[in-house]
Amino acid sequence: QVQLVESGGGLVQAGGSLRLSCAASGRTFSRYAMGWFRQAPGKERKFVAAINWSGGRTSYTDSVKGRFTISRDNAKNTVYLQMNSLKPEDTAVYYCAMSSYSDYVMGKYDIWGQGTQVTVSS
C-alpha cells in the first residue's frame, strides 16, 4: 500500500518560515516525480511546486518563486518544502503528491497525502 504522510505544518507569523516534510512508503520513491499542492478555504486545490525523480529539475507557481524551495532525499524517501517569507495568503492545507511518472511535466499525480495545515497570521 502506497502512503504519503505530511508533517511540519503549523501557525507562523507573516515573514516566518516553515519546512514541510512528506514521507513516502510502499513504492520506489526515487523513480517518481513529487509535487506539493495547497487548498485554501473555499477554493480549489492548486499547484505549488514539483521536483523530478532525481531532484535535478524543479518547478514553482509564480506566487512562491524565490520564497519556497522543494527538495528531496531519495535515501530517506522524503520530499520537503521549505517555505520562507510566509504571507497570510499562503494559508492553506498543503498536500504532497506522487506522480506516476519520473518527471512532473506530465502533471499526473496518483497518490496523495492527507494534508497538513499551514496558517500564517498577519
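For the single chain, residues carry numbers from 1 onward in sequence order.
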Distance-minimising heavy-atom pair for Pro88 and Ala14: CD-CB, 4.1 Å

Main-chain N/O of Thr28 paired to Asn77 side chain as donor or acceptor, under 3.5 Å: no

Are the side chains of Thr61 and Lys46 in touch, meaning some heavy atoms are under 4.5 Å apart? no

Can you find a pair of side-chain heavy atoms, one from Ile51 and one from Trp36, that are under 4.5 Å apart? no

Counting distance only, does the side-chain N/O of Arg57 pair as donor-acceptor with the main-chain N or O of Trp53 below 3.5 Å? no

Check: Ser99 side chain, Lys108 main-chain N or O, donor-acceptor pair, under 3.5 Å: yes

Candidates Tyr95, Phe47, Tyr94 - the one meeting side chain to side chain contact (heavy atoms under 4.5 Å, CB included) with Arg38: Tyr94

Is there a continuous path of hydrophobic side-chain contacts, each under 4.5 Å between heavy atoms, that joins Val105 to Tyr109? yes

Please check: side-chain N/O of Arg45 versus main-chain N/O of Gln39, any donor-acceptor pairing under 3.5 Å? no

Closer than 4.0 angstrom, basic N to acidic O: yes or no for Arg27 and Asp110? yes

Is there a side-chain contact between Val118 and Leu20 in this structure, where contact means two heavy atoms from C-beta onward sitting under 4.5 Å apart? yes

Looking at residues at least two apart in the chain, or sitting in another chain, which of them share a ring-ring contact (aromatic ring centres under 6.0 Å, His included) with Tyr32? none

Which value, rounded to the nearest 0.5 Å, describes the distance between Asn74 atom CG and Ser54 atom OG? 8.0 Å

Should Trp112 and Glu6 count as side-chain neighbours, where that means a heavy-atom distance under 4.5 Å? no

Less than 4.0 Å between a side-chain N and a carboxylate O, is that true for Asp62 and Lys65? yes

Exercise: identify the closest heavy-atom pair between Leu11 and Ser121: CD1-CB, 4.3 Å

Sub-4.5 Å side-chain heavy-atom contact between Ile70 and Gln82: no

Say you draw a straight line from CD of Gln13 to OG of Ser122; how long is it, rounded to the nearest 0.5 Å? 9.5 Å

Within the structure provided, determine whether Val48 and Leu81 are in side-chain contact (heavy-atom separation under 4.5 Å). yes

Side chains of Phe29 and Met98, heavy atoms from C-beta outward: is any pair under 4.5 Å? yes

Val93 side chain reached by Thr116 side chain, heavy atoms, under 4.5 Å: no

Show, in sequence, the C-alpha distance, side-chain angles and deciding distance for Arg67 and Asp90, and conclude whether the side-chain contact (heavy atoms from CB on, under 4.5 Å) test is met. CA-CA 11 Å; Arg67 300 188 299 122; Asp90 294 318; 2.8 Å; yes

Just grab all the disulfide bond (SG atoms under 2.5 Å apart) pairs involving residues 9-105, residues at least two apart or on different chains. Cys22-Cys96

For Asp73 and Thr78, run side chain to side chain donor-acceptor pair (under 3.5 Å): C-alpha distance rounded to whole Å, both residues' side-chain angles, the deciding distance at 0.1 Å, then the answer. CA-CA 5 Å; Asp73 185 337; Thr78 302; over 6 Å; no

Return yes when atom CZ of Arg31 has more than 12 non-hydrogen atoms of other residues, nucleotides or ligands closer than 6.0 Å, and no otherwise. no

Short side-chain donor-acceptor distance under 3.5 Å, Thr91 and Glu89: no

Exam field: side chain Tyr104 to backbone Met34, donor-acceptor pair closer than 3.5 Å: no

What pairs of residues pass the ring pair (Phe, Tyr, Trp, His ring centres under 6.0 Å) test when at least one of them lies in residues 55-84, not counting sequence neighbours? none

